[in-house]
Structure formats: C-alpha cells, structure tokens
Amino acid sequence: MFSNSYLGTLTHHPIRKNHMKLKSQLNQSIKEAFLKAGIEDIPMSVSEATKPDFGDYQFNGAMALSKKLGKNPREIATQIINHLDFTGIIEKAEIAGPGFINLWLNPLWLATQCQIALEDERLGVSIREEPIKVVVDYSGPNMAKQMHVGHLRSTIIGDTLANLLTFLGDEVIRQNHIGDWGTQFGMLIAYLEMKNEDASVDLSDLEQFYKDAKTYFDADASFANKAREYVVKIQSGDAHCLALWQKFIDISLGHCEEVYEKLGVNLTRNDVRAESFYNDALPQIVSALNSKGMLQESDGAQCVFLEENEIPVIVQKGDGGYLYATTDLAALKYRSETLGVKRISYVVDARQAEHFNQVFQVAKKANFVTEDVHLEHIGFGMMMDKSGRPFKTRDGGVVKLIDLLDEAVMKAKETINNIDEYSQEEIENLAKTIGIGAVKYADLSMNRESNYIFNWDNMLSFDGNTSLYLQYAYARIQSIFRKYNASIEGEIVITDALEHRLAVMLLRFEDVLQRTANMATPHQLTTYLYELATLFMRFYEQNPILKEDVDAQIRVSRLQLANLTAKTIKQGLSILGIQVVDKL
RNA sequence: GCACUCAUAGCUCAGCUGGAUAGAGCAUCGGUUUGCGGUACCGAAGGUCUCAGGUUCGAAUCCUGAUGGGUGUACCA
C-alpha cells in the first residue's frame, strides 16, 4: 500500500503549532469541510480506525446526520470529502459501508511531526494553555498502623495522576491526608510513655505496638483510664501529651516514608496535611452549617440531611466530638478558599463513594467550595488474591506493604538474565526497578474501578501487558544504539505500512495523555504503551535497521523512529512512576 | 429492605462520545531464510458480550426488568 515512492520526496511540511493532538487537528479539518459544505452542526469527533484496512482514523458522523439533514449518509460523506483539505495532515479519504469516512494521514506530515517530537524535550506534548490548580489527595495512611496493601492502590494511582497532571502543565498540590487523630491515639501515647519516657522507642513494628497497647488497655483498668485521659489531654492541647503524640507521628510517618522511598512515589513531608491540621476549623464548619440552616439535630447528633438520602451526614456527635465528614468538609474549604484550587481529586477506595458523594454535596451547598471547583472521587476496587478473595496473609492478617515490596524485589532477581555479569549493587538496583515496576504496572494497567487479582507470575512475566515487556523493549532499543555506536542524525522517512502505523502511534501520545488525565484512568496509558511496544517489535522484526544491506538513509530514519519509541516508552513509564534501564 | 457497583474467550483483562467481521495476553496447538538482544515475531483454535425485553439505520456500550457476585447502609476513619 505504501510504496517506496515516498523516498523520492524529502520535502517536509512546514512546522505547525500544536503538532500533536492528532484528533483535534483532524476534527478541525473535518469541521472546515463541513463549513464549506454549508453544514454547521458537527455531531461527533474522529476516532482511531478500528483496523488498518480502514486507514488511520475514521469519522462516523455522516450516519448520525442523515436523519437530520434528510439525506443519505453516503451523500453527506461525499459532500464532506469533496471539501476536505488534502494538502496537510490528510492524504486520502474514502467512504465505506453505510457512510464511514476513512482517513489516511500523509506520511510526509507524519515524518515531520515525529522529527519535531524527537527534537523536543516534551516529545511534542504541549503544555496546557490554561493550566489549573489541582489537589490530588492520595495515600492517606493511618498513623496508628503500618501501611498495608490497602494503601497501595491509592498511593500509586494518586501519584500517577499527580505526575501526569504536572507533566501536562497543571499546578498540582499533592496532599497526604494522614490519619493522625482519634481515640486510639490516647492509648498509643499512654503506652509509648509507659514503655519509654525519654527517647527512641522501637516502633519498627507498629502493628505489634498497637496490639501490645491494646492488650494493656483491655487488661489493665488503670492503664485504660490513663489512655482515656490522654485523649482528652491531647485534644485540649496539653503540651506534654502533644509532644509525645508528635513524636509518635514522626516515627510512624518515617515508616511511611520508607515505603514511599521504596515505591518511588513522589510524596514528601511537605505534602502532609494531616487530619489534625483541620482541628481548629471544625467548630467553624459546624457553626457555618448551622447559620446556613443546614443543620438538624437527630438523636443528639448534628446532622445535614440531603434530600434524596435518608442517611444524614453527621458532623458532630452527641458527645460533641467531630467526625471524618467534618474534617473532609474543612479540608475542602481549605483547599478551595486558601489554596484556591479548581479541581480536587480524592483517590480513595470505591467503598467510600457514598461518603464523598454526600460530603461534596454538602460542601457545594454550604459554599465551602466555589461553584467552579470540580470535585471528584477517584474510586478503585480491592486487591484480591489468586482465588478472588481479599488479599490477606495465610493466617488472615493484613499484608504489610513493605513486606510485599520486599518480596517483589526478591522475586524480580529471579528474572534477571546472566546475573553473574552484574555487581551486587547493580543487581539490587535492577531488581528494584523490575520488581517495584511490576507491582505498580500490574495495578495501574487494570481499570481502576473493578477489583483486581494480584498474581506474581503474571506481573513478573516478560510476556503480555507487563512492565517487564516494556522495559525489555526499551532495553532492546538501547542495545541497538550501543551497537550502532554513533550519534543518530538524519531525517525520518516513512517507507512502508508498519513505519506509517508506528509514526501514527507515536503521535497519538498526547491524545492518550489528555484522555488519561481527564478520566483519571492510568490503564489507558498502559494500554497505549503496550500497543506501542508490540507495534515496535513487529516493525523491528520486519524492518531491519543495522543489517548490512540497509540503505543508509533508511537506517537513520529507522533509528530515529526507534529513538522516539524509546523516549515515548520512557516518558510514559516515568509518569506511571516506573523506571527503565539500558540493560536487562 | 434500600442504595451503589460489577458480569465480555478456559484464565487475566481491553473495548473511549452508540458504528464496519467484539480485541489482547496467558494457557493449548503449529510455524519463523547462518536471528540487528528468540525474554522476540507470525499463525491456528477459542465468544448466543449473564438472561429477557425496549430505544435506534446500527447496542458489549443507552433504558427497563430478572439472575448472580462485590460493597455500603448515622454518631470509626
């Protein structure tokens, strides 16, 4: 289909702004054709062709218009094609079936765009023209316990979303809403003081510490009383107790940071906005709701009843205490009023959908957030074991996240080929890159809304949609460059159908990122990267690069395509928080 | 009881605003000229998209109902 005739013409098209975003450019071309044909209302957008025979993109809007215009859809399609501009991005258009318009992109145009992407640090992905300020609220571990697998998804999905929005140019504020407040802390602080009044107590196993404290609490009445006193003291601002509490939080947070470090997640202490941060604002939340006439007392508690929902949002307990809904409202108010953000994304498991739905409604109704702030709950399903049951240890306990990650690194070592060629340090780094990448990728490549089955064998495989496959593809390309051993300079020339498809795929990157960001669905990015890598493998299998009989110009062009592929994989994985290596 | 959510190949999953013969990977079977990294690539087989209605030129996708699983259901977070 794509003959070598392209080789003769090396004249590239002039550089355009917004060179990527294939879809919007094609939509623009379609729109112009419509206007020339005298049709104003364009019903839909182009989409990727469902198979190579149908070209690169297709436009299906003619069918939808046929009733409205009282015309045969093929007639409408013909009209559009007659006014289509074939001097730029589009090379050819055909009508098929009931009125599909299949579009083939101009290979010269594709080559130029790839060239531009290659010379750009951002790979041609434009920075948002109107960036917004956004809070991504994720991870949110409880300070009374060690991080467990239940925190994994929030932490890495949230981190990916934050990375992605940052890359696209938004001003992202990461917020780690840690659980550092509540009645159990009285017990923990009392126990901490009992164990060691002055300094470093070993909290390496928070789970155990919690259990021990609980044992005392249940068995020793005087200790239990003391624990209750501590709750009151902390809440009333007692300096000594607060100091102990602070110490406990510091140590506990330190454990979390170990996990973040191991996981390669971009969360620091600066991102922490703990529950306790909002303590002072809680009474104001209740009084504000009251003054707006939204409060209602029910069984002694202060509640907001929302129309469609019989279950109220309780903002103050009968005993005067506040609840997490109150804290969330205070956080929303702070983020809207003080931080001035326009989008707030909560990456929290799906079970809390109802809670966020209610809290968002209350926040809007009470004007804690302005009308134009987009509030969203990025929910996700649970992690299941191979047999489809919730992920637990053999004795039914929670799996500590740090243990899971250590196991991943250990298992990753077994996948390293020719392990003798590496130093101990190299092996550790490699295993970490592979193992952590596998855990993250397996999670991110699933549609986040459904539960997902955690399976070591699948995620650490070289076959299929895994991080290892992508890392391998990347390393293999680097190996080509090592062998070539010279700087890659020269123009891209599209000479056959596979090169053509690869170029289109590469240029789709920005569209994919945009969509992934808008819908907060990382799996769309992983699917894209996997498709890109498999397509490259096919291309590479069929189109030799370094073999002796390859024409020098074609060799350079293919090296350039390989280079852009590698860069795109690297950038995509980097957004997912996954590293690449030059050698596997 | 009520609400939310899910149901696609033996298994794990894609399928974007409704569009052409529903796609990958694993597993199974078969293949690849002295192979730029074969941890690769190509092919075969595998489906009444849980079921029944409805809307539409057109439905895995939207609506209604049924069945089956998961989750939530006021003073924990």
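Keep in mind that this is a model prediction, so the values were computed, not measured. Throughout, a chain's letter reflects where its sequence line sits, starting with A, and its residues are numbered from 1.
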key: Gap between atoms CG and C1', on A/Leu468 and B/rG37 respectively (whole Å)   = 14 Å

request  = Verify the contact: side-chain N or O of A/Tyr530 to OP1 or OP2 of B/rC13, cut-off strictly under 4.0 Å; return yes or no.
outcome  = no

key: Value in whole Å for how far the C1' atom of B/rG58 lies from CG of A/Leu65   = 15 Å

ask   = From B/rU21, B/rU71, B/rC6, pick the nucleotide closest to the side chain of A/Met382?
value = B/rU71

message = Is there a side-chain contact between A/Tyr469 and the phosphate of B/rC41, meaning an N or O under 4.0 Å from OP1 or OP2?
response = yes

remark   = Whichever of A/Ser450 and A/Lys67 has the more 5' nearest nucleotide on RNA chain B, that residue is A/Ser450

inquiry  = Over all strands shown, is A/Gly182 touching base, sugar-phosphate only, or nothing at heavy-atom distances under 4.0 angstrom?
reply    = nothing

remark   = To the nearest angstrom, the NZ-C1' distance between A/Lys51 and B/rG19 comes to 13 Å

request  = Select base, sugar-phosphate, or nothing to describe what A/Asp463 touches, counting heavy atoms under 4.0 Å on all strands.
outcome  = sugar-phosphate

task = For B/rU33, give its Watson-Crick or G-U wobble partner with both distances under 3.5 Å, or none.
result = none

task = Under 4.0 Å between any heavy atoms, over every strand shown, what does A/Met63 touch: base, sugar-phosphate, or nothing? Just pick one.
result = base

ask   = If pairing requires Watson-Crick or G-U wobble contacts with both distances under 3.5 Å, which nucleotide is the partner of B/rG1?
value = B/rU73

task = Calculate the interatomic distance between A/Asp457 atom CG and B/rU12 atom C1'; express it in whole Å.
result = 12 Å

query = Is any side-chain N or O of A/Arg482 closer than 4.0 Å to OP1 or OP2 of B/rC36?
reply = no

ask   = Can you tell me the Watson-Crick or wobble partner of B/rA59, both distances under 3.5 angstrom?
value = none

request  = Calculate the interatomic distance between A/Tyr441 atom OH and B/rC13 atom P; express it in whole Å.
outcome  = 15 Å

query = Where each residue is assigned the nucleotide of RNA chain B containing its nearest heavy atom, which of A/Arg351 and A/Lys386 is assigned the position nearer the 5′ end?
reply = A/Lys386

inquiry  = Can you see if the side chain of A/His523 gets near the phosphate of B/rC16 - specifically, an N or O under 4.0 Å from OP1 or OP2?
reply    = no

inquiry  = If you take the centroid of each ring, where Trp contributes its six-membered ring, are A/Tyr469 and A/Tyr530 closer together than 6.0 Å?
reply    = yes

message = Regarding A/Asp56 and A/Arg501, does a basic nitrogen lie under 4.0 Å from an acidic carboxylate oxygen?
response = no

query = Do A/Asp551 and A/Arg555 sit within salt-bridge range, that is, some charged N less than 4.0 Å from a carboxylate O?
reply = no

message = Any salt bridge linking A/Asp511 with A/Lys23? Criterion: basic side-chain nitrogen under 4.0 Å from a carboxylate oxygen.
response = no

message = I want to know whether A/His355 and A/Tyr324 have ring centres closer than 6.0 Å.
response = yes

Between P of B/rG70 and CZ of A/Arg389, the distance in whole Å = 12 Å

request  = Provide the Watson-Crick or G-U wobble partner of B/rU67, both distances under 3.5 Å; none if there is no partner.
outcome  = B/rA7

key: No-H, no-angle donor-acceptor pair, A/Ser298 side chain to B/rA74 base, under 3.5 Å   = yes

request  = Check the geometry between A/Phe100 and B/rA20 and answer yes if their rings are stacked (centres below 5.5 Å, planes below 30°), otherwise no.
outcome  = yes

request  = Looking at every strand, decide which applies to A/Ile545 at a 4.0 Å heavy-atom threshold: base, sugar-phosphate, or nothing.
outcome  = base

query = Do A/Gln58 and A/Asn60 have side-chain atoms, one donor and one acceptor, less than 3.5 Å apart?
reply = yes

ask   = Does B/rC13 pair with anything, Watson-Crick or G-U wobble, both distances under 3.5 Å, and if so, with which nucleotide?
value = B/rG23

